[in-house]
Amino acid sequence: MATEKQRIVMKFGGTSMAGTERIRRVANIVRAQASGGNEVAVVVSAMAGETDRLINFCREANALHDPAEYDVVVASGEQVTSGLLALTLQSFGCKARSWLGWQLPVKTIEAHSKARVSTIDAPGMVASMESGEIAIVPGFQGVSDEGRITTLGRGGSDTSAVAVAAAVKADRCDIYTDVDGVYTTDPRIVAKARKLKAVTYEEMLELASVGAKVLQTRSVGLAMKEGVRIQVLSSFVGDDAVSADELPGTLIVSDEEMDELVEKGLMERQLVTGIAHDKNEAKIILTRVPDKPGAVADIFTPLAEASINVDMIIQNVGRDKGETDVTFTVPQADLARAQAMLDDRAEEIGYNRVITDSHIAKISVVGVGMKSHAGVASTMFRALSDRGINIQAISTSEIKVSVLIDEDETELAVRVLHTAYGLDAND
Ligand code: ADP
Ligand code: ASP
Ligand code: MG
C-alpha cells in the first residue's frame, strides 16, 4: 500500500459530476485522497448530457456556426462543474480553487472544436497544491495563441487530465468513470465482459481508436508519450471501498510492465485483449470509377484536404470496360460534406453513382498476440458467418482486425466474438 505523500491527478467524467448530490460524492473521494497529505489536482467534465445540450443550442442558433463561438458555448459546461466542486470541497472545510483553461493557461494548437494541448503552464497551480490547496481544472477546454477559448473534441477531459498530470509530474492519473475499469468489451453490451487488471498503452490506444470510448484516444497517445501512469476506476463506490492507492481499477502499462505482470501470474496472455464497436462511421460507394492510375487519388485528395478522415477502403477488381467500384468509410458527422465534395467533382473523378449508408457498424478485435499468431482474422470471419452476419468490408493493422457490418447486428456480433475468443467471464 502506498503511504508516501504523492502528487495525484484525479479526473471525474460526466456521469460522476451529474448534479450536486453526485458532486458531493466526488468531493468525498477527493477529500479522502487529499487527507493523506497527497497533493491533488482534479480535472472535471461537464454534467452528463450537458455538452450535447450546448451543442444543440449552437445548431439552433446558427446551423453553420463559427467554431470559435461554438467553443465558447460548449466549454461552459466544465466551468460550471469545476466551480461547483470547489464550492462543495470548501463546504467540507477543504482549501480548493478552480483554474480555468485560460487562467492556467492550457495552451492549444490547431482547429477549434478539436484542438490539441501544446503546453500547460503549471507553476502557479503547483505552488498552490504544495500549500495544501486542491486544484480544480475544467477538462475539455484550453486557449489558443490568439487568446480565444478552444475545446479538445468529444471526450477531451481525459486528455486534459493526462496533460495536467504530465505538466505537474504527477505520480498517477486516476480516471474515475461509471465503470470500474477497462473491460474485454463494453460491459454495457456484454454482461460476461471481464475486467482487465492491466492493458498496454499500445492496445488501449488501438481499442480507444476503434470505439472503446472509456478513454479518449488522444489521452492514451499522450500518456504513452509522456509516461503518465493511468488508472481507470469507478467513482460509484461506497465509503468502505478500497482506496485508489491500492489500484483497484485497470492500469495502463508499458509492454515491460505487462511482461512482469504475466511473469508474476497476475495477468494471462491472451490472443485477443478486447473487442470494440463504433456506430459513428458511414459507408460511401462510388460505382464505375475509371480503373486507371490517378483515379483513387482524385477521390481521396480532396477529402484529405478537407480534413475528412477516411478509414476503411476497398477497391474491387476492375470490371470489363476498365471500370471498378470503390467503397470507403468516413465519420458520420462528415458524410454530408464528403458527399457534397464528391458531387462537385463527379465529372473530374468520372464515377457513375454515389451510394451512402449510415446504418453500419465497425467491429474490431485488438490484441498484441496477433503479432505472432495466425488465425485471428479467420476465427472472426467464421464466428460471424456462423451467425449469418454479413461482412461488408475488412481492414487490419498489426494488432487489430476490423469488419464493417449492418448496425442492427452490432450487439450480436460483439457477443459472438467475445465468446469465440474465449473472453467470457466464466470461461
Ligand atoms: P465519462 O463520462 O466518465 O468520461 P464515458 O461514457 O466517456 O465516461 O466512458 C465510460 C463508458 O465507456 C462506460 O460506461 C462503457 O459503457 C464504455 N465502454 C466502452 N468500451 C469499454 C470497455 N472496453 N471497458 C469499459 N468501458 C467501456
Ligand atoms: N464534456 C465533454 C464531452 O462530453 C468532454 C468530456 O466529458 O470528456 O465530450
Ligand atoms: Mg469520457
Side-chain angles (χ1 to χ4, degrees), residues 10-18 22 26 42-56 70-71 73-82 101 113-115 117 137-142 150-164 174-199 203-220 230-236 249-250 252 272-280 333 363-367 410-411 414 417-418 423 425:
M10 310 169 78
K11 180 259 170 178
F12 293 89
T15 327
S16 311
M17 298 298 291
R22 290 198 181 162
V26 165
V42 190
V43 176
V44 295
S45 286
M47 295 190 197
E50 180 63 7
T51 308
D52 290 337
R53 197 176 74 98
L54 295 169
I55 292 172
N56 271 331
Y70 163 97
D71 277 350
V73 177
V74 300
S76 66
E78 273 74 8
Q79 174 161 340
V80 172
T81 46
S82 49
S113 85
K114 46 184 171 213
V117 177
V137 180
F140 189 46
Q141 57 174 252
T150 54
T151 61
L152 308 182
R154 298 308 305 269
S157 296
D158 296 329
T159 303
S160 306
V162 171
V164 167
D174 287 341
I175 307 273
Y176 287 84
T177 181
D178 54 6
V179 286
D180 60 356
V182 178
Y183 280 70
T184 44
T185 193
D186 190 338
R188 299 190 193 285
I189 291 199
V190 179
K192 288 180 174 173
R194 248 196 329 231
K195 189 173 126 186
L196 300 162
K197 275 199 191 67
V199 193
E203 286 170 312
M204 193 63 235
L205 193 62
E206 196 83 59
L207 277 169
S209 74
V210 291
K213 67 164 188 164
V214 61
L215 288 175
Q216 198 200 31
T217 310
R218 275 188 186 169
S219 72
V220 187
I230 298 184
Q231 172 178 208
V232 176
L233 72 172
S234 176
S235 71
F236 290 82
T250 300
I252 317 297
V272 166
T273 301
I275 299 169
H277 69 278
D278 183 354
K279 294 182 179 177
N280 292 318
I363 313 292
S364 307
V365 300
V366 172
T410 307
E411 281 75 15
V414 173
L417 294 174
H418 201 264
L423 296 175

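Note that the coordinates shown come from a computational prediction; the quantities given were computed from them, not determined experimentally. As the structure lists them, so they are numbered: ligands from 1, and atoms in each ligand from 1. Computation of the quantities below employed the complete heavy-atom set of this structure, encompassing side-chain atoms and omitting hydrogens, waters and symmetry-equivalent molecules.
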side-chain hydrogen bond (donor to acceptor under 3.5 Å, both in side chains) evaluation trace for T184 with H418
CA-CA 8 Å; T184 44; H418 201 264; 2.6 Å; yes
Show your working on side-chain hydrogen bond (donor to acceptor under 3.5 Å, both in side chains) between Q216 and T159 and close with a plain yes or no.
CA-CA 7 Å; Q216 198 200 31; T159 303; 2.3 Å; yes
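Using a cut-off of 4.0 Å between Lys/Arg side-chain N and Asp/Glu carboxylate O, R188 and D178 are scored as salt-bridged. A salt bridge is absent between K11 and D174; no separation between the charged side-chain nitrogens and carboxylate oxygens falls under 4.0 Å.
Although no hydrogens or angles enter the test, the distance criterion places no donor-acceptor pair under 3.5 Å between the side chain of R218 and the main chain of G156. Remark: the backbone N or O of G367 is not paired with any side-chain donor or acceptor of E203 at under 3.5 angstrom. Formation of a donor-acceptor pair under 3.5 Å by the T250 side chain with backbone atoms of G181 is not found in this model.
With sequence neighbours excluded, no residue forms a side-chain hydrogen bond (donor to acceptor under 3.5 Å, both in side chains) with D278. For the salt bridge (Lys or Arg N to Asp or Glu O under 4.0 Å) test, residues two or more places apart in sequence or in another chain that qualify with R154 are D52.
Enumerated by chain and number, the residues approaching ligand 2 to less than 4.0 Å through a heavy atom are S45, T51, E78, F140, R154, G155, G156, S157. Protein residues are said to neighbour a ligand when one of their heavy atoms lies under 4.0 Å from it; for ligand 1 these are K11, G13, G14, T177, D178, V179, G181, V182, Y183, T185, D186, P187, R188, A212, K213, V214.
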